[in-house]
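To start, the structure itself, in C-alpha cells.
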Amino acid sequence: MSKENKLTPRSQDFNDWYNAVVQMADLADYGPVRGTMIVKPYGWAIWENIQKALDTRFKATGVENAGFPMFIPLSFLQKEAKHIEGFAPELAIVTHGGGEELAEPLVVRPTSETIIGHAYSNWVQSYRDLPILINLWNSVVRWEMRTKLFLRTLEFYWQEGHTAHATSEEADARTRMMLDVYTDFAVNEAAVPVIPGEKSEMERFAGAVQTTTIEAMMGDGKALQAATSHNLGQNFAKAFEIQYLDENNQQQFAWTTSWGLSTRFIGAIIMTHGDDNGLVLPPNIAPIQVVVVPIYKTDDDKAALIAAANKLAQELKDAEITVKVDARENLSPGFKFNDWEMRGVPVRLELGPRDLENNAVVAARRDIPGRDGKQSLSLDGLAPNIQALLSEIQANLLAKATQFREDNTHAAASMEEFEQAVKTGFARVWWAGDTEDEIAIKEKTKATLRCFPHQQPGGNGICFYTGKPADRIAIFARAY
RNA sequence: CGGGGCGUAGCGCAGCCUGGCAGCGCACCGCGUUUGGGACGCGGGGGUCGGAGGUUCAAAUCCUCUCGCCCCGACCA
C-alpha cells in the first residue's frame, strides 16, 4: 500500500473525508468563482441516472418537460411578499446587458415559481385548461454564504416541477404524489432511506402554504433534506392572476404546487453509503455497475485474458448490465482495485490465468470490503449471477443505511435526552412548540425541526420542551 | 461579514523565523523489467513561489494592500 493518495478515514474527519471523496472519486471540482462547482463526467453520469429514474416516474404521472428563461424581471419576485422576503438575500442580479444599464434589473432564477406564474396566467382561461403539469430540468442560482460541493453551491442543477389545478384537493394530492415519487426513488433506486413528512412553519418554502420533505440521515448522524414538495395554495395564483372560469362561469384562482430534487442528492448518496475506501454507489444509480480487471504476466496471457474479459463484458452488456473493462497498461491490479473502490463501482471482477483455467472469475462486492466480499463464480451463466449479486448489494445498502438510522434515532422526553440524541443523530419528540421555541432550540443545540413525519404513532403526548399536550411527533436533528 | 488556518510544478508539501542558484514525494514523458490488493530501475519535462506595490545590491523569505480557498459562526436545496 502506497503512503500517498490516502483518503482521510470517515470516522476521523467526516467533512475532510467528504471533500476528498468528491475529488478523488472524480465526481466534481471547484469552479474558478467562489462557491461554484464543475461537475465532472463521472459525477454527471450519476446525475443522468438520477434524471432517468425521476423523469420516467414524472412522466408516468402525466408530467411534461419544458424550458423556461433563466432571467426573471425583479418585479416578478416582488409580487409575492413572502417569496421575495425569503429569496432577496441570495439573489444574483443582472444590471447590465449589451453594454447598457438595464431599465429593470433581471434576477438569475433562484427558482421559477414567478416566471411560471406569469406564463400560467396567460395559458389558463378555463377549467378545461387545467391541470397544467410541467417539469423543468435546469440550474438555479442562490448566492450562499458557505458552500460545499454538491450540498450547497452558488449554482446547482435540479428539476423543478410546477403544476396548476382547479381545486385545493387536487393540488394537495399532487403535492403528496410527488413526495411519494421522491420517496420511491430515494429508497428503491438510491437505497437512501428517508422520512417523508411535513415542514414546520419556520422551515416552510417562501410563499408556500405547506412544504413536505424527505429527510435522510447522513453517515455522521446529521440530517439532509433530500427533496421537497410544496403546496402553494393560491398564493402565486393570486400574485400572478392565474384565473379560470369554472363550470358555473365563475372566476376562480387556480391552486399550484412545486417540487424539486437537486444535485445535492448526489451528496446524500456519498454521505449515506461511502466508507473509508471511498465512494459506494447503489447498483441502480452507478454509471458503471461492474468493472473487469484482467490480470496477466506474459504477453500470451495478456492477449488471452483481455479477449476473455471483453467476451465476458459483452455477455453482461447483453444482460443490460453496465460494464467496463480496465485494460489500462502499466497499472498494477492492486492499484486498479483501489481505484475502482474509490469510485464506488458495486462489483469488480478479477480475471487472471488461474481463473481462466478454472473457467471462473473472482467477484468482489464493494459493500463488503476485503476478502469477505470476494467469491469465485463460474463463467458459465455468469450474467444471472451478477444480476443477483447487484440486487443483493442494492438491498444490503438500503438495509445497512436503514439500520444505521434506527440505531441513531432516539426518543427524547426531556431537554437532556434531546441534547444527547441530536449529538449523534435524530431526536423523536412530542412537539407543541411554536416558531420562537424552534429558534430557541436551534440556538441552544444547533438542531432544527426536520419534519413532522407523515407516519405518526397516533395518540397524544407531552411536548418535551413546552410541557404542553402534543398530538404530533417531530424529528429534530442537526442538518446540512 | 466576524474568528481561525492556508496559498511555492497537476496533487501533497519543505524552504520563510535568520533575504543570497526554487527543492522533495506522488503524478507526467521515454526505455527496460514487472503485473492475483496502491511495482521497480535508469533517463527526462514541467515554476512569472496567488496578485499588486514597497524596502534592499539582492525578496518565495521582510513591510503594506489585495484576491482566493478551507474550517468554525450568522444564512440556506
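A, B, ... follow the sequence lines: proteins, then strands. Residue 1 opens every chain. Computed from heavy atoms alone, side chains included, the values below leave out hydrogens, waters and symmetry copies. Bear in mind the structure is a predicted one, so any value in this text is a computation, not a measurement.
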Which nucleotide, in any strand shown, forms a Watson-Crick or G-U wobble pair with U33(B), with both distances under 3.5 Å?
A39(B)

Is a donor-acceptor contact shorter than 3.5 angstrom present between the side chain of Lys336(A) and the base of G36(B)?
no

Let me know the distance between NZ of Lys199(A) and P of A77(B), rounded to the nearest Å.
8 Å

Would you kindly compare Gly334(A) and Ser262(A) by the position of their nearest RNA chain B nucleotide and give the one closer to the 5′ end?
Gly334(A)

Decide whether Glu113(A) and Ser258(A) meet the rule of one side-chain donor and one side-chain acceptor closer than 3.5 Å.
yes

Within the 4.0 Å heavy-atom criterion, would you say Thr213(A) contacts the bases, only the backbone, or no part of the nucleic acid?
nothing

Do Asp339(A) and G38(B) have a side chain to base donor-acceptor pair shorter than 3.5 Å?
no

Complement of U55(B), any strand, by Watson-Crick or G-U distances under 3.5 angstrom:
none

Please confirm whether the shortest side-chain N or O distance from Lys148(A) to OP1 or OP2 of C70(B) is below 4.0 Å.
no

Whole-angstrom distance between U8(B) and A22(B), as gauged at atom C1'
8 Å

Hey, does Gly35(A) reach any base, or is it just sugar-phosphate, or nothing, if we go heavy atoms under 4.0 Å?
sugar-phosphate

Which nucleotide, if any, forms a Watson-Crick or G-U wobble pair with C6(B), using both distances under 3.5 Å?
G68(B)

Which is true for Gln23(A) with a 4.0 Å heavy-atom rule: it touches a base, it touches only sugar-phosphate, or it touches nothing?
nothing

Whole-Å gap separating P (C26(B)) and CG (Asn338(A)):
17 Å

Could you walk me through whether Arg450(A) and Thr448(A) pass the side-chain hydrogen bond (donor to acceptor under 3.5 Å, both in side chains) test, one step at a time?
CA-CA 6 Å; Arg450(A) 302 319 304 158; Thr448(A) 51; 2.7 Å; yes

Is there a Watson-Crick or G-U wobble partner for C17(B) with both distances under 3.5 Å, and which nucleotide is it?
none

Rounded interatomic separation in angstrom, taking CG from Leu349(A) and C1' from G36(B)
14 Å

C63(B) and G68(B): how far apart are their P atoms, nearest whole angstrom?
23 Å

How close or far is atom C1' of C75(B) from atom CE of Met202(A), stated in whole angstroms?
11 Å

Between C6(B) (P) and Asp16(A) (CG): distance, integer Å:
16 Å

Any donor-acceptor pair under 3.5 Å joining the side chain of Arg371(A) to the base of G37(B)?
no

Side chain of Phe156(A) only, please: which of A77(B), C71(B), G36(B) is the nearest?
A77(B)

Electrostatic pair Lys302(A)-Glu329(A), nearest N-O below 4.0 angstrom
yes

Minimum-distance nucleotide to Ile295(A) side chain [options: A77(B), G36(B), C71(B)]:
G36(B)

Taking the inter-plane angle between the rings of Phe236(A) and Phe240(A) on a 0 to 90° scale, is it parallel (under 30°), tilted (30 to 60°) or perpendicular (over 60°)?
parallel

Would you say C75(B) has OP1 or OP2 under 4.0 Å from some side-chain N or O of Arg146(A)?
no

Counterpart base for G73(B), defined by Watson-Crick or G-U wobble contacts under 3.5 Å
C1(B)

Have a look at Glu144(A) and say if it touches a base, only the backbone sugar-phosphate, or nothing, with a 4.0 Å heavy-atom cut-off.
base

Pick the P atom in C49(B) and in A39(B), then give their distance to the nearest Å.
35 Å

How far does the P atom of G7(B) sit from the matching atom of C62(B), given to the nearest Å?
12 Å

Please determine whether a side-chain nitrogen of the Lys or Arg among Glu341(A) and Arg348(A) lies less than 4.0 Å from a carboxylate oxygen of the Asp or Glu.
yes

Considering every strand and a 4.0 Å limit on heavy-atom distances, what is the contact class for Asp355(A): base, sugar-phosphate, or nothing?
base

Selection from A77(B), G37(B), C75(B) that lies nearest to any side-chain heavy atom of Met145(A)
C75(B)

Which whole number of Å gives the distance between the C1' atom of C13(B) and that of G53(B)?
29 Å

Kindly point out which of C70(B), A77(B), A74(B) is positioned nearest to the side chain of Thr153(A)?
A77(B)

In terms of relative ring orientation, are Tyr157(A) and Trp44(A) parallel, tilted or perpendicular, with 30° and 60° separating the classes?
perpendicular

Rounded to whole Å, CZ of Phe335(A) lies from C1' of G37(B) at a distance of 12 Å

C28(B) pairs with, by Watson-Crick or G-U criteria that keep both distances under 3.5 Å:
G44(B)

Result for 5'-nearest mapping on RNA chain B, choosing between Ala479(A) and Lys374(A), is Lys374(A)

Rounding to an integer number of Å, can you tell me how far Gln159(A) CD sits from A77(B) P?
15 Å

Rounded C1' spacing from A60(B) to A52(B) in Å:
16 Å

Taking atom C1' in both G50(B) and G73(B), compute the distance separating them and give it to the nearest angstrom.
27 Å

Please give the distance between the C1' atoms of A77(B) and C26(B) as a whole number of Å.
37 Å

Taking only side-chain nitrogens and oxygens of Tyr30(A), does any of them come within less than 4.0 Å of OP1 or OP2 of C70(B)?
yes

Among C71(B), G36(B), A39(B), which nucleotide sits nearest the side chain of Glu350(A)?
G36(B)

Do the charged groups of Asp184(A) and Arg57(A) touch, with an N to O distance under 4.0 Å?
yes

Just N and O in the side chain of Asn330(A): are any of them under 4.0 Å from OP1 or OP2 of U34(B)?
no

Using a heavy-atom cut-off of 4.0 Å across all strands, would you classify Val362(A) as base, sugar-phosphate, or nothing?
base

Please give, in whole Å, the distance from A27(B) P to Met24(A) CE?
13 Å

Which part of the nucleic acid, if any, lies within contact of Leu151(A), taking any heavy atom under 4.0 Å across all strands shown: a base, the sugar-phosphate backbone alone, or nothing?
base

Determine whether the aromatic ring centres of Phe476(A) and Phe418(A) lie less than 6.0 Å apart.
yes

May I have all residue pairs that pass salt bridge (charged side-chain N to carboxylate O under 4.0 Å, His left out) and include part of residues 272-286 of chain A, sequence neighbours excluded?
Asp275(A)-Arg366(A)

